[in-house]
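Report on the following structure.
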Amino acid sequence: MSKLHPIVSTLLKRIGLGIISLFFVTLIIFSSVNLLPGDFVESVLGQTRTEESVKIFRKELGLDKPYHVRYVNWLTSAIQGDLGSTFSGRNATYANQPQQSTARSVSSLLKPRLFNTFFLAAMTAIIAIPLSLLLGITAALYRNSIYDRTVNASALTTISMPEFFVAYILIIYLASINQFFPSLSNVTSSTPFFERIYLSVLPALTLTLVTVAHMMRMTRASIINLLSSPYIEMARLKGISKTQVIIKHALPNAWAPIANIIAFNLAYLIVGVVVVEVVFVYPGVGQLMVDSVIKRDIPVVQGCALVFAVTYILLNLIADVISIITNPRLLYPK
Amino acid sequence: MKSSKQKKDLLLDIQNISIEGFSDEIWHPIIKGVNLQLYRGEVLGLIGESGAGKSTLGLAAMGFVRTGCRFTSGSINFNGKDLTKLSDKKKQQLWGTKLSYVAQSAAAAFNPAHRLINQTIESSLSHKLNIKETLQKEAVQLYKEMQLPNPDEIGERYPHQVSGGQLQRTMTAMAMSSKPDLIIFDEPTTALDVTTQVNVLATIRSIVKEHQTAAIYITHDLAVVAQMADRIQVLRYGNTVEVAKTSQMLKSPKEEYTKSLWAVRSIKKKEQKSKEIILSIENVSASYGSGPKVLQDININVPTGRTVAIVGESGSGKSTTARAITGLLPPTQGKIIFQNRILPMKLSDRTKEDLRKIQMIYQSPDTSMNPRHTVREIIGRPLSFYHGINKEKNTDKVLELLNMIELDDSFIDRLPEELSGGQKQRICIARALAAEPELIICDEVTSALDQIVQEGILKLLLKLQHELKISYIFITHDIATVKAIADEVVVMHQGLVVEQGSKKEIFSPPHPEYTKLLLSSVPEMDPNWLNKVLEN
């Protein structure tokens with residue numbers, strides 16, 4: 001085996017590209033975070049600050065060093081898995097007597113939040129992906145029927161409404177008028193599994209409603225796109241039923257675009273759901289990031305942004321892999 | 001007695017069938033009341049030009065109409081059941097069991113996502129004709145009969161991993177898998193090279209005979225159908241022109257239209273020699289990117305005012321030669337000498353005069369003209385580019401060119417979509433002529449056209465050559481076309497020139513190995529041609 005299998009070489013190429021884009025993303029994260037107006041030290045020390053205390057506090061946080069040094073330090077420790085320590089864990093009263101131990105590490109802050117976010121994303125994905133595939137396939141099967149139009153119209157309606165609005169409607173009907181589910185989803189690390197699911201139903205449902213439309217319409221379009229292919233006509237003339245033609249002959253050739261749109265939506269579920277988190281008071285990464293921006297807690301903001309970037313790149317990598325392994329022309333070269 | 005026996009053996013009886021297609025907001029008739037009878041074990045050839053309704057009728061024999069089409073009247077009796085009245089469910093039970101279909105392009109008709117063996121047995125399996133293992137064994141047996149290489153393993157491959165000829169044979173095996181009563185072959189060899197076609201024809205014919213399967217064989221090539229069919233039915237504009245036994249049809253076709261179907265084969269140009277050479281290609285090699293050499297050290301001479309035909313199969317380097325001459329693909333080695341001057345290799349290094357003197361006409365007039373330009377703009381463009389005749393003053397010149405290509409003045413403001421295929425190709429010829437070239441390269445210019453239209457285009461090209469003393473390089477895979485137009489012939493194979501000589505030299509023995517194979521593979525009208533080829 002002197003030559004790598006094309007799937008391996010493609011994969012290596014994509015991983016390489018992913019690492020390069022991740023590097024650029026760190027540059028962007030670092031510079032944009034540092035461009036944020038306001039200053040952590042000044043806002044924490046507030047009115048009581050003296051020039052001396054500001055200086056000491058700065059030094060302790062490492063903010064006295066030039067930008068490029070701070071970037072390199074941040075990057076090298078991030079590569080080793082250390083995202084640094086939060087600023088806000090320190091107390092202003094200790095500012096004059098530095099005590100390293102009071103500062104929490106960014107990772108320890110991020111971990112439970114990240115778990116919550118992944119939990120909600122996974123729960124939504126488990127509902128939304130099969131649902132949108134099912135709706136997309138059936139809509140393609142009965143295309144231009146009343147069923148197809150109803151599915152399309154309702155999917156478009158839910159996607160056209162702002163997500164907080166969808167959330168409030170669900171709260172009114174499922175938490176307020178009929179008290180099926182709680183309107184607050186304040187889970188903690190000690191919440192038992194099933195209660196966690198129960199608490200997360202409404203946010204998961206909201207996110208399902210806003211993501212199903214994309215995935216369902218892409219599934220429908222990719223399948224319909226293939227229905228005029230000669231091999232579909234051939235399958236019909238082999239006496240294969242319409243449902244089987246779509247599932248066995250059209251769908252296997254439609255995975256690549258579908259996988260891409262699913263990856264896109266999964267990424268959204270992890271990085272873009274802050275509004276829904278706020279409505280349901282769900283302790284996810286989005287809230288953490290927004291809070292940290294308000295507090296100008298730079299290491300946490302950077303940590304969150306980095307996690308988001310890695311998620312995006314990984315999900316797209318997975319989508320690429322799926323489009324390769326579902327295409328025999330790439331998987332089994334001549 | 002005879003009539004009762006025939007009645008019993010009548011497998012398919014299509015009575016007065018009419019089919020309409022929906023386009024441009026109205027229903028157009030495609031098939032206008034056609035009758036078709038087929039007996040058990042018989043092969044019926046269905047022949048006609050594009051648009052005659054052959055495929056529509058072939059599919060109708062299965063009770064199938066494409067999306068946007070509908071049956072309007074008539075009946076299709078298959079084994080005593082009227083397919084036009086059956087529900088989709090009932091028809092599904094017949095399709096892939098009693099009725100099978102073999103499509104024109106095997107490469108497109110196989111699902112790229114599944115292995116061949118699974119597609120071969122799919123219909124039999126889904127109709128529960130047998131268990132998977134048995135069906136697979138039978139499929140391998142069919143692969144053997146179809147003379148596929150490695151019949152035990154070829155089924156494990158995906159469609160893109162086998163050649164076009166092998167795919168076409170696999171598709172026939174797929175159609176045979178359920179042991180159907182009737183197979184529709186829809187131009188099964190049209191997309192193949194002639195040398196590949198011979199084997200596919202032979203295997204299809206033997207397997208159909210062996211299994212006593214009835215078949216409808218659709219094609220536009222009379223010589224092919226002569227090998228395959230017991231009877232021939234000629235279609236035109238959705239009507240039956242003529243039905244007769246194969247031997248009878250070939251010997252004494254009744255209708256004028258049937259005779260015209262082998263029109264091109266009747267043109268025979270007398271070859272002429274010329275001492276002067278307008279273009280010579282010396283030791284030219286070329287490749288795409290850093291890939292393998294597509295042209296290997298080729299030498300071709302084009303005599304002034306004469307026609308050199310370049311023949312070969314797909315992938316032989318014919319079109320690449322044209323690209324090398326025009327500078328679209330600069331050769332990596334060698335010299336191109338035009339009118340005793342070495343031409344720069346790259347297009348961008350050539351002068352406007354160099355460009356003007358060599359023009360090209362392409363295979364598909366549909367894609368080589370801007371659909372938004374009128375005929376005046378299409379022909380006027382080279383007039384203004386090469387001769388500085390601008391739009392306001394070009395009317396006379398455009399009309400003169402239209403006159404040369406035998407189209408009247410009313411065509412000047414038409415758009416390409418308002419022209420027929422043959423008219424479009426004529427406009428492309430006029431566009432080439434507008435530059436007043438010395439050499440025109442015709443790349444498969446008649447391949448996409450029907451026989452009668454081909455004849456018109458070839459005659460026009462010959463007339464223009466006679467009047468204007470233009471030299472032609474005529475690229476084609478069709479030997480009949482070569483015989484019709486060439487003075488000299490170049491045979492190409494896998495990027496090499498196999499031989500070059502006068503038409504007489506090339507077409508008379510002794511032949512190099514490849515020329516011999518190529519010439520012997522061209523179907524002839526003789527119904528025994530295939531037998532003779534196979535004997536040798």
Side-chain angles (χ1 to χ4, degrees), chain A residues 3 5-7 10 133 137 140-145 148 219-260 321-334, chain B residues 55 58-59 61-68 88-116 118-129 156-163 171 174-175 177-178 180 183-184 186 191:
Chain A
K3 255 188 154 178
H5 190 281
I7 192 173
T10 316
L133 288 180
I137 292 169
L141 187 59
Y142 305 107
R143 60 193 171 287
N144 304 330
S145 67
D148 178 25
T219 308
R220 178 183 179 276
S222 327
I223 289 176
I224 288 181
N225 201 13
L226 293 172
L227 290 185
S228 57
S229 315
Y231 59 81
I232 296 295
E233 183 178 280
M234 188 73 216
R236 296 265 294 117
L237 288 169
K238 280 160 81 178
I240 313 295
S241 72
K242 281 183 183 167
T243 320
Q244 287 297 308
V245 166
I246 286 193
I247 292 173
K248 279 178 74 180
H249 289 270
L251 196 57
N253 293 291
W255 278 126
I258 297 175
N260 267 305
V321 172
I322 288 176
S323 36
I324 293 173
I325 58 177
T326 55
N327 185 346
R329 270 175 282 210
L330 298 175
L331 198 56
Y332 307 98
K334 280 196 177 179
Chain B
S55 289
L59 289 170
M62 300 182 73
F64 182 85
V65 280
R66 293 208 161 113
T67 321
D88 273 4
K89 264 253 158 66
K90 285 265 164 60
K91 281 192 277 189
Q92 261 172 35
Q93 288 167 4
L94 289 175
W95 294 340
T97 55
K98 298 286 171 203
L99 286 162
S100 290
Y101 180 71
V102 175
Q104 172 166 4
S105 165
F110 271 109
N111 192 326
H114 300 299
R115 294 179 198 274
L116 292 175
N118 294 335
Q119 301 197 51
T120 306
I121 65 169
E122 185 186 13
S123 55
S124 307
L125 195 63
S126 77
H127 291 110
K128 303 198 172 62
L129 296 183
E156 291 307 311
R157 304 218 196 150
Y158 284 90
H160 70 278
Q161 292 174 306
V162 303
S163 73
M171 183 140 63
M174 178 162 90
S177 155
S178 62
I183 303 185
I184 314 292
D186 192 354

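The sequence lines fix the lettering, A, B, ..., with proteins before strands; numbering per chain opens at 1. Reckoned from all heavy atoms, side chains included, excluding hydrogens, waters and symmetry mates.
B/Gln119 has its side chain out of reach of A/Met234: every pair of non-hydrogen atoms, C-beta onward, lies at least 4.5 Å apart. Residues B/Pro159 and B/Asn111 have side chains not in contact (no heavy-atom distance under 4.5 Å, counting atoms from C-beta outward). You'll find the side chain of B/Leu59 stays beyond 4.5 Å of the side chain of B/Val65, heavy atoms only.
Interface remark: of the candidates B/Gly96, B/Ala175, B/Ala109, B/Ala109 forms the most heavy-atom pairs closer than 4.5 Å to chain A. Among B/Ser126, B/Pro112, B/Ser124, the residue with the largest count of heavy-atom pairs under 4.5 Å with chain A is B/Pro112. Ranked by heavy-atom pairs shorter than 4.5 Å toward chain A, the options B/Met171, B/His114, B/Lys89 are led by B/His114. Between chain A and the options B/Gln104, B/Arg115, B/His127, B/Arg157, the largest number of non-hydrogen pairs under 4.5 Å is found for B/His127.
In this structure, the side chain of A/Trp255 does not engage the main chain of A/Ile322 through any donor-acceptor pair within 3.5 Å.
There is no contact between B/Leu94 and chain A, counting heavy-atom distances below 4.5 Å. Residue A/Ser241 touches chain B through both its backbone and its side chain, counting heavy-atom pairs closer than 4.5 Å. Only the side chain of A/Glu233 comes within contact range of chain B, with heavy atoms under 4.5 Å apart. Residue contact with chain A, scored on non-hydrogen atoms closer than 4.5 Å, involves the backbone of B/Phe110 exclusively.
Counting only residues at least two apart or in different chains, salt bridge (Lys or Arg N to Asp or Glu O under 4.0 Å) contacts with residues 95-107 of chain B are absent.
Judged purely by distance below 3.5 Å, without hydrogens or angles, the side chains of B/Ser177 and B/Thr120 never pair a donor atom with an acceptor atom.
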